[in-house]
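Sequence lines set the chain letters: A, B, ... in the order given, protein chains first and strands last, and positions in each chain run from 1.
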2 protein chains.
Amino acid sequence: MLEYQKTIAARLAVQGIDAGASYGAQAIDKAATLLLLVGRAGPSGTRLSDLVEQCSLPKPTVRRMLLALLRAGLLDQDSDTRRYYLGPEIHVLGTLASARFGIHSIALRSLVRLSQQTGDTAFLSVPRDVHSICVHREEGPYPIRVHALHAGDRHPLGVGAGGLALLAALPDEDVEEVLAANADILADKYPPFSPSALRGLVQDTRTRGYALNPGMLLPDSWAIGVSIHRSDGRPVGALSIAATESRLYPERQLEIASLLKKEASWIETRLNETDPGEKPARVRRNRP
Amino acid sequence: MLEYQKTIAARLAVQGIDAGASYGAQAIDKAATLLLLVGRAGPSGTRLSDLVEQCSLPKPTVRRMLLALLRAGLLDQDSDTRRYYLGPEIHVLGTLASARFGIHSIALRSLVRLSQQTGDTAFLSVPRDVHSICVHREEGPYPIRVHALHAGDRHPLGVGAGGLALLAALPDEDVEEVLAANADILADKYPPFSPSALRGLVQDTRTRGYALNPGMLLPDSWAIGVSIHRSDGRPVGALSIAATESRLYPERQLEIASLLKKEASWIETRLNETDPGEKPARVRRNRP
DNA sequence: GAATCAGGTCCATATGGCGGACCCTATGTT
DNA sequence: AACATAGGGTCCGCCATATGGACCTGATTC
């Protein structure tokens, strides 16, 4: 493995993206990394030099990749500002993919209701590998807003109320796997979240019935989260509500937790009825 | 350009996908093509051999690409059936991209209302290059259903009620460009849609105020469509309703057209209020 | 007007992708 | 049981293709 490739892996690992081991078609690994980085940059886009810095690849290489991604419609470039954005083709593909991972379109209504009822900001997070990704933020009417989490942000599972709800919903063996996989990142970038601390948080979450983040990432940025399960029990997402400490005193926590649970089960029923498990019949069993 | 690459372009052109000219990072062109093909295959997935056939690349190459895409989470493979599907990462990225191309999540409610009110099936199509793509189909309660159009299908602009509504919403010069770009495909795969016929359909659509497809693709598969515009006038999508001829007699056409127009303008107001034109300030003007 | 910064491009080099040939398993067929 | 077919997946030597240091250009700053 070349030196710069180590650096990619290292940098991305720190940022919560794991480029993974690559054997063959390495261009695609780089392209995927760039897509993630552009996606994380959000609606204001990124600049070439930012991307070069973030993925530690030489500029011409990044530029070539970007050109190819533009050509494919997977990215967009503003011709004035020269900034790069996610492209129309990604949107189309994502829409088609939602037939399989259709939590989002269903959960949207829940988020709107939650943010209206509570006044605070509601989030939908989904698990991806050993991370949780915030895929939607719905602002509530209350004027003091917590902006610690943005759509596109990735954190190790267990960090933040949504991610903690997801982690606590996994069986213990999976929890340990996740903690092991994230050990380096946690130690490096999330000092309050040592493996033992996370085990404690998971226990608390399970007994309490909802996940609580008492400002562990950003002081006075509190949040409550609950997980959403597929019919086979696997967690496929988490709803959470963020507010300042003064708005999350114990009694209100309970109110909000019950609202969250109501919406979670609402989503679960919708998910199961639109998920007919439409699999082709043929079965094989000859894996190496 | 090598022989097999010509073949890719040729095959995909026939199917309405244009691989485009490729200079540098050609792996990404192939990867993007595969993503499109898997996306078009829909929720039942595709097999390796289908993909090999559709993109006319040698099997090991396709497989290497697929492995890389699986590694990146852009695709999924069912370990039993060995079929390939769009992956979770595509879904996440698509969700993030919808911040920029957010028609879908807004339009969903319109589609539900339309299919409930009319009983028939409602579609959302978006323009992409010189094609229209059906990104959502919402079934209505009426038992006789027209299944000529599926989510993921691409047709040249002007073919089908949604695509015709989109084409007719473009200025004449753009219409001519689109017709020229699609000339080969139209002649080859859509015999009823000669350029002159399409020009006539566009005129009819503009004077009538809505697009009508009187079973031109599939006998007795009729449809009505209207376009959705951004604040600057560009069409960004189309709503359509499909039914059999007997359910689309002239008076009902008018009723449905007015329902479609009502929903289209509902979407337009939502689009404009959630599209704050959030662009970075810096401006440059030095294009080669 | 010199210095800095950002976007973008060039081209000799060698690395990593290419694809014909091959293997394995499952499912007919005689 | 032996044979045939079809689909999924892998190997490895050759050479086409991506690589990246160096360079160009236009803005912005001092």
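Salt-bridge annotation for B:Arg145 and B:Glu138: absent, with no side-chain N of the basic residue lying under 4.0 Å from a carboxylate O of the acidic one.
Side-chain nitrogen and oxygen atoms of B:Tyr84 include none within less than 4.0 Å of the OP1 or OP2 phosphate oxygen of D:dG7. Dashed line: the shortest gap from a side-chain N or O of B:Arg82 to OP1 or OP2 of D:dG8 is not under 4.0 Å. Contact annotation: A:Thr61 side-chain N/O to D:dA18 OP1/OP2 distance is not under 4.0 Å.
In this entry the distance linking CG of A:Asp29 with P of D:dT19 reads 12 Å, nearest Å. Counting to the nearest Å, the C1' atom of D:dA18 and the CG atom of A:Leu57 are 12 Å from each other. The distance from atom CG of A:Asp78 to atom C1' of C:dG7 is 14 Å, rounded to the nearest whole Å. Atom P of nucleotide C:dC18 and atom CG of B:Leu66 are separated by 13 Å, given to the nearest angstrom. One can place CZ of B:Arg83 at 17 Å from C1' of D:dG9, the figure rounded to the nearest angstrom. One atom, CE of A:Met65, and another, P of C:dG16, lie 12 Å apart when rounded to the nearest Å. At whole-Å resolution of the value, CZ in A:Arg63 and P in D:dT19 are 15 Å apart. For the pair A:Leu67 CG and C:dC10 C1', the computed distance is 14 Å after rounding to whole Å.
Across D:dA18, D:dG7, C:dG7, the shortest atom-to-atom separation from the side chain of B:Gln26 is found for D:dA18. Checked against D:dG20, C:dC18, D:dG9, the side chain of B:Arg64 finds its nearest nucleotide in C:dC18. Minimum atom distance to the side chain of A:Gln77 is reached by C:dG8, of the listed C:dG8, C:dC18, C:dT9. Of all nucleotides listed (C:dG8, D:dG9, D:dG7), D:dG9 comes nearest to the side chain of B:Leu48. Residue B:Arg47 has its side chain nearest to D:dG7 when only D:dG7, C:dG7, C:dG17 are considered. Among the nucleotides D:dA18, D:dG20, D:dG9, the one closest to the side chain of A:Pro60 is D:dG20.
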Requested in this report: Decide salt bridge (Lys or Arg N to Asp or Glu O under 4.0 Å) for B:Asp29 and A:Arg71; before the verdict, give the C-alpha distance in whole Å, the side-chain angles of both, and the deciding distance to 0.1 Å.
Outcome: CA-CA 8 Å; B:Asp29 298 77; A:Arg71 206 188 304 147; 2.5 Å; yes
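Cation-pi geometry between A:Arg137 and A:Phe123 is not met at under 6.0 angstrom from the ring centre and within 45 degrees of the axis.
In this structure, A:His91 contributes its side chain and B:Phe101 its backbone to a donor-acceptor pair below 3.5 Å. Listed for the B:Asp188 side chain is no donor-acceptor partner under 3.5 Å among the backbone atoms of B:Ile185.
Scanning atom types as modelled, no donor and acceptor separated by under 3.5 angstrom connect the side chain of B:Lys59 and the base of C:dG19.
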